[in-house]
Amino acid sequence: MKKGKYIAVGAAAAMLFTAVSCSGKKEITSAGGSGDIKNISPRGIVFDWQSKYEEKLNFFRDSDKYHAVSQNGIGASMFDLRDLNNDGTPELIISPDTQRTTTCEIYTVSGGQLVELGEIGGYGTLTFLPGLSLINDEYNGNGFVIGKYLGINNGELAPVLTYSDNTGSAASGATIIHEINGESVTLPEFDEAMQPYRDEKGTSIGRKYSFGDIALSYAIHCSESWGAVLTPGEKSLFKEQLGKSMNEAAQTGSDAAFELCDLNGDEVPELIVSQGTQAGDLCKIYYIQNKNLSELEGSFGYGGRLSFDFEKMVFYATDSPNKNSCWTLTGADLNNFTASGNTMECGRKFPLNSDSMTAAFR
């Protein structure tokens, strides 16, 4: 992973974090801002993949496959950046829409060139197993299932294991066949081969960022740079809190996750910790001030996720039954808030474990 020149900027001014609900009722007031000299802007970090992905995203946005807004229940085009093989460089995933048959386009950079890895998934998403750095592509038919686990190998998306099983057809009198990598196996052998993959938690990816100019710029030039610009002290504060959150998750058995995201535009990320993926799961937000880490009072989000509007500087609860669940750290007007075309989903980029902490802060 190549890093380019650093651009130094002046000291970040301290500011007041005020989170307000969409109804205008004041919910939270707490001090914010980094309190540190901000020596490096994430936009001053240069990776060799950035220009290639930005060019591809702009090309796609000019194509006939791009949908700017949702139509007839079909979601607008979105994209994602995710390190699919844990090599420190993210892959680019483009989701044209959310139709059942829509696959994701996956790209990587190899040898300084943009490489298309293929198209996979459905409904404009794909299932990723971060613990194994594998993609699961599965089709469930009438009484049968066929699927494969794929990883990136030598710049190609290649199957690691393929499987098929028609146990669901037993009631119809069909001959039951279990296959692993094209070979017929017994049910115990099938279960044994599948167990390591079944034990891993998968996550749906592909639809993280909208295609607005601001969102696209943040994704390319900021989202993957926090590990390079945070100071050792800031990293230590975040890691300490994540360690505490990880212990809490272990005690409750929750599917916790986390993400670094700049929620007020000062180019210092906040830490978002997601409790899980159930409807009632919320997010907690932590910020750095005066070389200390503080928690923003309250819990936020829905289903362990938040959406953030870069243009309006508002974060809000995605798909929440409570349509007034939105907040700001900048004093932005929340009355009659409607999202712009510059949004992202945040909170669950990394599963909450030691390996992910290493990846997030490398």
Answer yes or no: is there a side-chain heavy-atom contact under 4.5 Å between T343 and Y316?
-> yes

Counting only N and O atoms by type, is there a donor-acceptor contact under 3.5 Å from the side chain of T231 to the main-chain atoms of E234?
-> yes

Pair T252-E248, side-chain donor/acceptor within less than 3.5 Å = no

With no hydrogens and no angle check, do the side chains of S41 and E267 hold a donor and an acceptor under 3.5 Å apart?
-> yes

Salt bridge D83-R362, side-chain N to carboxylate O under 4.0 Å = yes

Does the ring centre of F211 sit less than 6.0 Å away from the ring centre of F79?
-> yes

Evaluate the side chain to side chain contact (heavy atoms under 4.5 Å, CB included) criterion for residues I176 and N166: first the C-alpha distance (whole Å), next the side-chain angles of each, then the deciding distance (0.1 Å), finally the verdict.
-> CA-CA 6 Å; I176 304 304; N166 68 339; 3.6 Å; yes

Nearest 0.5 Å please: distance from the CZ atom of F128 over to the OG atom of S133.
-> 5.0 Å

Looking at K208, R82, R305, which one forms a salt bridge (charged side-chain N to carboxylate O under 4.0 Å, His left out) with E259?
-> K208

For the student: nearest non-hydrogen atoms of L282 and S299, plus distance | CD1-CB, 3.5 Å

Gap between atom OG of S95 and atom CD of E105 - 0.5 Å precision | 9.5 Å

Could you tell me whether a side-chain N or O of D255 sits under 3.5 Å from a main-chain N or O of G276, the two making a donor and an acceptor?
-> no

Closest heavy-atom pair and its distance - V314, A332 | CG2-CB, 4.4 Å

Without swapping roles, check the side chain of S245 against the backbone of L242 for a donor-acceptor pair under 3.5 Å.
-> no

Regarding T328 and T330, is there a side-chain donor-to-acceptor distance under 3.5 Å anywhere?
-> yes

Say whether, by atom type as modelled, one donor and one acceptor occur between the side chain of K235 and the main chain of G227 under 3.5 angstrom.
-> yes

With a cut-off of 3.5 Å and sequence neighbours excluded, list every side-chain donor-acceptor pair involving residues 141-162.
residue: T162; atom: OG1; partner: N181; partner atom: N; Å: 3.4

For D262 and W226, the nearest pair of non-hydrogen atoms, with its separation, is CB-CZ2, 3.9 Å

For F308, enumerate each residue passing the ring pair (Phe, Tyr, Trp, His ring centres under 6.0 Å) test, keeping only those at least two apart in sequence or located in another chain.
-> F310

Using a cut-off of 6.0 Å, state whether more than 12 heavy atoms not belonging to R198 lie near its atom CZ.
-> yes

Check: E189 main-chain N/O paired with T186 side-chain donor or acceptor under 3.5 Å = yes

Over 12 foreign heavy atoms within 6.0 Å of CD, E116 | yes

Do you see a donor-acceptor pair shorter than 3.5 Å between the side chains of R61 and S77?
-> no

Under 3.5 Å, is there a donor-acceptor pair linking the side chains of N353 and D355?
-> no

Where does the angle between the aromatic ring planes of F258 and F361 fall among parallel (under 30°), tilted (30 to 60°) and perpendicular (over 60°)?
-> parallel

Residue pair D199 / Q195, side-chain donor-acceptor N/O under 3.5 Å | yes

